[in-house]
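What follows is a set of notes on a single structure, which appears directly below.
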Number of protein chains: 2
Amino acid sequence: METSTVRERLLEHAQTLMQLRGYNGFSYRDLSTLVGVKTSSIHYYFPTKEDLVLEAVNQYSAQVLHDINGIDQTLPAAKKLERYGKLFAKVLGEGDQICLCGMLAADIQSLPDAVRLAVQSFYRANEGWLARVLEEGAAQGTLLMPGEPQMAARALFSAYQGSVVASRLFNTRTRVTEVTGWLKAK
Amino acid sequence: METSTVRERLLEHAQTLMQLRGYNGFSYRDLSTLVGVKTSSIHYYFPTKEDLVLEAVNQYSAQVLHDINGIDQTLPAAKKLERYGKLFAKVLGEGDQICLCGMLAADIQSLPDAVRLAVQSFYRANEGWLARVLEEGAAQGTLLMPGEPQMAARALFSAYQGSVVASRLFNTRTRVTEVTGWLKAK
DNA sequence: GTCTATAAACGGATAGAC
DNA sequence: GTCTATCCGTTTATAGAC
């Protein structure tokens, strides 16, 4: 049963293509083949490629942040971090995708400022969430958190982003979950 | 005084272009303009773009690993890690470049297997070096190292790679050095 | 909304003169 | 070694029919 609109499928496949190959690594033709409409029809919905990437990143960001905020707030901090790590591992898909915002951050010099702002916003939201969990975990004595929470959260988020890239590079799924394990206080 | 050969300048600029925009984000034409030779001359040295990226990554890897192995072995572990962090921060250049191997890891789905192997080799060398330093630092009580040294080293290297991407995204240089500070035992 | 047709620039790559 | 000239497919994008 195919209920989604052409517009929705375009956004979905554009997102996946960028997670696989980056902004400069896919074309309207690729998208055209996947969705089954001509490239001129894509321009009807998204006049330029920059329009397309901007909508894709905003939708992706909203979805992921919704999932993160869906993590049960009453859980102990270590458990919350575990759930977060599992969400992060899920972006790998069949093992060949990385986080869209991590990819666009790598491609940032090819992208308009509106995309930079959207990606920055995604980074800050994740770092803020992680900072609160780390602080809680430090208070509970279950998570290591040397230094300020915000600083540790930035380093930790960088580690998660780097770990999905490395996981794909080595064809393994373990590197993401290793990051979570790393923080558990001994 | 211009002593370097055309071949050397091609490799140098190709490296920088990829650190800025990635494998799919630059062309022989860009390189042609920068070096001042026609694109057909580039093909004389590097028949295909894949030949070019492979030589560039091998040269980059050798240079960086040489710098890392140049860190004084008699230094205390915490000091070694500090030096390593400074080397990593240097790849930012004018603030707009990331590690070539981090970029190619993001672009890995567009690249031939020989490049994947070269990038994997770079990752393993860095992780091995970091593992030894972390183990030494844990023994000296100056560095935090929960879990196995190799696991912690993989997570740490991911954090460094992610931190240069984030540093460029936010137009700051601090995020790389924060990673080093994070590990210092309190 | 989706198509055909086409534009105009760019992509990597090659042949052959000098 | 470097150039001119060129091939040919690709890329983003537009005009206009249906």
Q: Answer yes or no on whether Lys49(B) is positioned over the face of Tyr28(B), meaning its NZ or CZ is under 6.0 Å from the six-membered ring centre and within 45° of the axis.
A: no
Q) What are the bounds, 5' to 3', of the part of DNA chain C that sits under 4.0 Å from heavy atoms of chain A? A) dG1(C) to dT4(C)
Q.
Under a 3.5 Å distance rule, please check whether Thr172(B) uses its side chain to pair with a backbone N or O of Arg168(B) as donor and acceptor.
A. no
Q: Check whether any side-chain N or O of Asp107(A) sits under 3.5 Å from a backbone N or O of Gly22(A) as a donor-acceptor pair, and report yes or no.
A: no
Q. Which atom pair, heavy atoms only, marks the closest approach of Ser158(B) to Ala166(A)?
A. OG-CB, 4.2 Å
(Q) So for the helix from dG1(C)-dC18(D) to dC18(C)-dG1(D), with five pairs setting each end axis, what is the inter-axis angle to 10°? (A) 0°
(Q) So that I can tick it off, tell me whether Glu127(B) and Arg132(B) are bridged by a salt bridge, with the cut-off set at under 4.0 angstrom between side-chain N and carboxylate O. (A) no
Q.
What residues from residues 19-33 of chain B pass a heavy-atom cutoff of under 4.0 Å to DNA chain D?
A. none
Q.
For the backbone of Val37(A) and the side chain of Ser41(A), can you confirm whether one donor and one acceptor N or O come within less than 3.5 Å of each other?
A. no
Q. Is a donor on one side and an acceptor on the other found under 3.5 Å between the side chain of Asp30(A) and the backbone of Phe26(A)?
A. no
**Q.** Asn24(B)-Tyr23(A) side chain donor-acceptor pair, cut-off 3.5 Å
**A.** no
Q: State the CZ-CG distance between Phe157(A) and Leu130(A), to the nearest 0.5 angstrom.
A: 7.5 Å
Q: For DNA chain D, find the residues of residues 111-119 of chain A with a heavy-atom distance under 4.0 Å and give them by number; none if there aren't any.
A: none
(Q) For Arg116(B), I'd like to know if atom CZ has over 12 heavy atoms of other residues, nucleotides or ligands within 6.0 Å. (A) yes
Q) In chain order, what residues pass the salt bridge (charged side-chain N to carboxylate O under 4.0 Å, His left out) check against Arg7(B), with sequence neighbours excluded? A) Glu55(B)
(Q) So does Thr177(A) get a backbone contact from the side chain of Tyr160(A), meaning a donor-acceptor N/O pair under 3.5 Å? (A) no
(Q) Looking at Glu82(B) and Lys184(B), is there a salt bridge between them, counting it only when a charged N and a carboxylate O are closer than 4.0 Å? (A) yes
Q. Does a sphere of radius 6.0 Å around CD in Glu148(B) hold more than 12 heavy atoms from other residues, nucleotides or ligands, not counting ones at 6.0 Å or beyond?
A. no
Q: Spell out, yes or no, whether Leu11(B) and Tyr44(B) are grouped together once hydrophobic residues are joined by side-chain heavy atoms under 4.5 Å, including indirect joins.
A: yes
Q) Does anything in residues 43-54 of chain A reach DNA chain C, meaning a heavy atom under 4.0 Å, and if so which residues? A) Tyr44(A), Tyr45(A)
